[in-house]
Peer 1: 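My questions all concern the structure below.
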Amino acid sequence: MDALAKRATARAFDSKDLSTQQLSDLLWAAWGINRPDGRRTAPSARNNQEIDVYVLLKTGVYVYAAKGHQLGQISSEDCRALGGTQSFVKDAPVTLILVADLAKVGGAGKDTAFIDTGFISQNIYLDCAAQGLATGARASVDKAALGPKLKLRPDQLIVLAQSVGYPKP
């Protein structure tokens, strides 16, 4: 109840980095594996598990691998400013990019991918509220500029960006 009461959208972030443990907890809450059968912390239509979580940090671009609960580095370039079209985006220490892998779903799968993205985004909101962090989700992303930095295939679609950090004092 406390996390639901504290859930809010932020548009200003302190530049202080999250700890490794905070980032780890955030990613697990967002889309980690929480059951022996491989199912996740958020529901997935027909258990397609078609969403990939990319992480933009000062140290580079990463993709979250739920199996093994680890980050795989894609590049060492700081691409946080590409995580949205608003000026505050560059200040957030973390931006999560939720990407639908349409190769994992059928014709109507794009619609369910949008729904599944919403579930994951809400998990991020609730975890941030519980950790005392600020977050804000948005669809305002220059997908043409960011997609190549994430090394996306043509059948992968950026659905949502969500910045995370400490509230700006």
Side-chain angles (χ1 to χ4, degrees), residues 3 13-84 89-105 109 112-113 115-138 141 143 146-166:
F13 299 90
D14 189 282
S15 61
K16 178 183 172 188
D17 290 330
L18 273 62
S19 72
T20 302
Q21 187 62 55
Q22 286 173 307
L23 182 60
S24 176
D25 292 347
L26 175 68
L27 291 169
W28 181 85
W31 195 222
I33 295 173
N34 67 344
R35 299 177 206 171
D37 65 0
R39 292 185 187 215
R40 309 287 187 98
T41 56
S44 173
R46 295 179 300 219
N47 198 30
N48 285 325
Q49 299 184 9
E50 75 283 5
I51 306 302
D52 292 310
V53 180
Y54 287 79
V55 184
L56 307 181
L57 301 170
K58 285 182 205 171
T59 58
V61 177
Y62 303 82
V63 64
Y64 175 60
K67 289 181 184 175
H69 187 62
Q70 53 193 319
L71 289 176
Q73 190 165 22
I74 295 171
S75 85
S76 59
E77 183 178 355
D78 182 354
C79 294
R80 291 175 299 150
L82 293 175
V89 172
K90 68 183 179 341
D91 300 326
V94 177
T95 293
L96 304 178
I97 307 296
L98 304 182
V99 174
D101 185 346
L102 300 178
K104 293 182 178 180
V105 295
T112 59
I115 294 166
D116 293 348
T117 297
F119 295 137
I120 295 167
S121 177
Q122 187 65 11
N123 279 5
I124 295 165
Y125 269 101
L126 293 175
D127 185 71
C128 286
Q131 290 197 60
L133 299 171
T135 190
R138 66 200 163 277
V141 178
K143 297 172 184 178
L146 183 58
K149 300 293 185 181
L150 302 179
K151 300 185 183 346
L152 298 183
R153 301 182 321 269
D155 55 359
Q156 288 180 290
L157 173 68
I158 296 170
V159 179
L160 190 75
Q162 191 158 347
S163 294
V164 175
Y166 287 94

Peer 1: Could you check whether any side-chain N or O of Asn48 sits under 3.5 Å from a backbone N or O of Glu50, counting only pairs where one atom can act as donor and the other as acceptor?
Peer 2: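 Side chain of Asn48 to backbone of Glu50: no pair is present.
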Peer 1: Would Ser163 and Arg138 count as having a side-chain donor-acceptor pair, cut-off 3.5 Å?
Peer 2: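 Side chains of Ser163 and Arg138: pair found under 3.5 Å.
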Peer 1: Using side-chain heavy atoms (C-beta onward) and a distance below 4.5 Å, is Gln156 in contact with Tyr54?
Peer 2: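 In short, these two side chains touch, coming nearer than 4.5 Å.
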Peer 1: Run the numbers on Trp28 and Asn34 for side-chain contact (heavy atoms from CB on, under 4.5 Å), then give the verdict.
Peer 2: CA-CA 8 Å; Trp28 181 85; Asn34 67 344; 3.5 Å; yes
Peer 1: I'd like to know whether Leu150 forms a side-chain contact (heavy atoms from CB on, under 4.5 Å) with Ile158, so could you lay out the CA-CA distance, the side-chain angles of the two residues, the decisive distance to 0.1 Å, and finally the verdict.
Peer 2: CA-CA 10 Å; Leu150 302 179; Ile158 296 170; 4.1 Å; yes
Peer 1: Can you find a pair of side-chain heavy atoms, one from Leu133 and one from Val94, that are under 4.5 Å apart?
Peer 2: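 SC-SC contact between Leu133 and Val94 ruled out.
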Peer 1: Roughly how far apart are Ile51 CD1 and Leu157 CG, rounded to 0.5 Å?
Peer 2: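 It is 9.0 Å, given to the nearest 0.5 Å.
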Peer 1: Quick check: closest heavy atoms across Leu18 and Gly165, and the distance to 0.1 Å?
Peer 2: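 Distance-wise, the nearest heavy atoms are CD1-CA, 3.8 Å.
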Peer 1: Show the nearest heavy-atom pair for residues Lys149 and Leu82, with the distance to one decimal.
Peer 2: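 Looking at all heavy atoms of both residues, the closest pair is CG-CD1, 3.7 Å.
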Peer 1: Roughly how far, to the nearest 0.5 Å, is the CD1 atom of Ile124 from the CG atom of Leu160?
Peer 2: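 Answer for the CG-CD1 pair, Leu160 versus Ile124, is 7.5 Å.
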Peer 1: What pair of heavy atoms forms the shortest contact from Cys128 to Val164, and how long is it?
Peer 2: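 So the two residues come closest at SG-CG1, 3.7 Å.
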Peer 1: Over all heavy atoms of both residues, which pair between Thr41 and Ala29 is shortest? Give the atoms and the distance, please.
Peer 2: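 Answer, listing the atom of Thr41 first, then Ala29: OG1-O, 2.8 Å.
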Peer 1: Salt-bridged, Asp37 to Arg35, with N to O below 4.0 Å?
Peer 2: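 No, Asp37 and Arg35 are not salt-bridged.
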Peer 1: Using every non-hydrogen atom in the two residues, find where Ala103 and Arg153 come nearest and quote the distance to one decimal.
Peer 2: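 Closest pair (atom of Ala103, atom of Arg153, distance): CB-NH2, 4.0 Å.
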Peer 1: Atom CG in Asn47, atom CG in Asp116: separation rounded to 0.5 Å?
Peer 2: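 Here the rounded value is 9.5 Å.
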Peer 1: What residues, two or more places apart in sequence or in another chain, satisfy ring-ring contact (aromatic ring centres under 6.0 Å, His included) together with Tyr64?
Peer 2: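 For Tyr64, the residues satisfying ring-ring contact (aromatic ring centres under 6.0 Å, His included) (neighbours in sequence not counted) are His69.
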Peer 1: Starting at OG1 of Thr112, measure out to NZ of Lys104 and round the result to the nearest 0.5 Å.
Peer 2: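 Here the interatomic distance stands at 12.5 Å.
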Peer 1: Heavy-atom distance under 4.5 Å between the side chains of Val53 and Leu98, does that happen here?
Peer 2: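 Of all side-chain heavy-atom pairs linking Leu98 with Val53, at least one is under 4.5 Å.
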Peer 1: Hey, what do you get for CG (Leu96) to OH (Tyr62), rounding to the nearest 0.5 Å?
Peer 2: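 It is 13.5 Å, given to the nearest 0.5 Å.
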Peer 1: Return yes if some donor-acceptor pair links the side-chain N/O of Arg80 with the main-chain N/O of Thr95 below 3.5 Å, else return no.
Peer 2: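 Such a contact is absent between Arg80 side chain and Thr95 backbone.
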Peer 1: Go through the structure and list residues passing salt bridge (charged side-chain N to carboxylate O under 4.0 Å, His left out) with Lys58, not counting sequence neighbours.
Peer 2: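 By the salt bridge (charged side-chain N to carboxylate O under 4.0 Å, His left out) rule, Lys58 matches Asp17.
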Peer 1: Which heavy atom of Ala161 sits nearest a heavy atom of Val141, and at what distance?
Peer 2: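 Nearest pair, atom of Ala161 first, then Val141: CB-CG2, 3.5 Å.
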Peer 1: If you round to the nearest 0.5 Å, how far is CG of Asp91 from CZ of Phe13?
Peer 2: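 Rounded to the nearest 0.5 Å, the CZ-CG separation comes out at 9.0 Å.
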Peer 1: Given 3.5 Å as the limit, does a donor-acceptor pair link the side chain of Gln162 with the main chain of Ile120, or not?
Peer 2: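 Absent.
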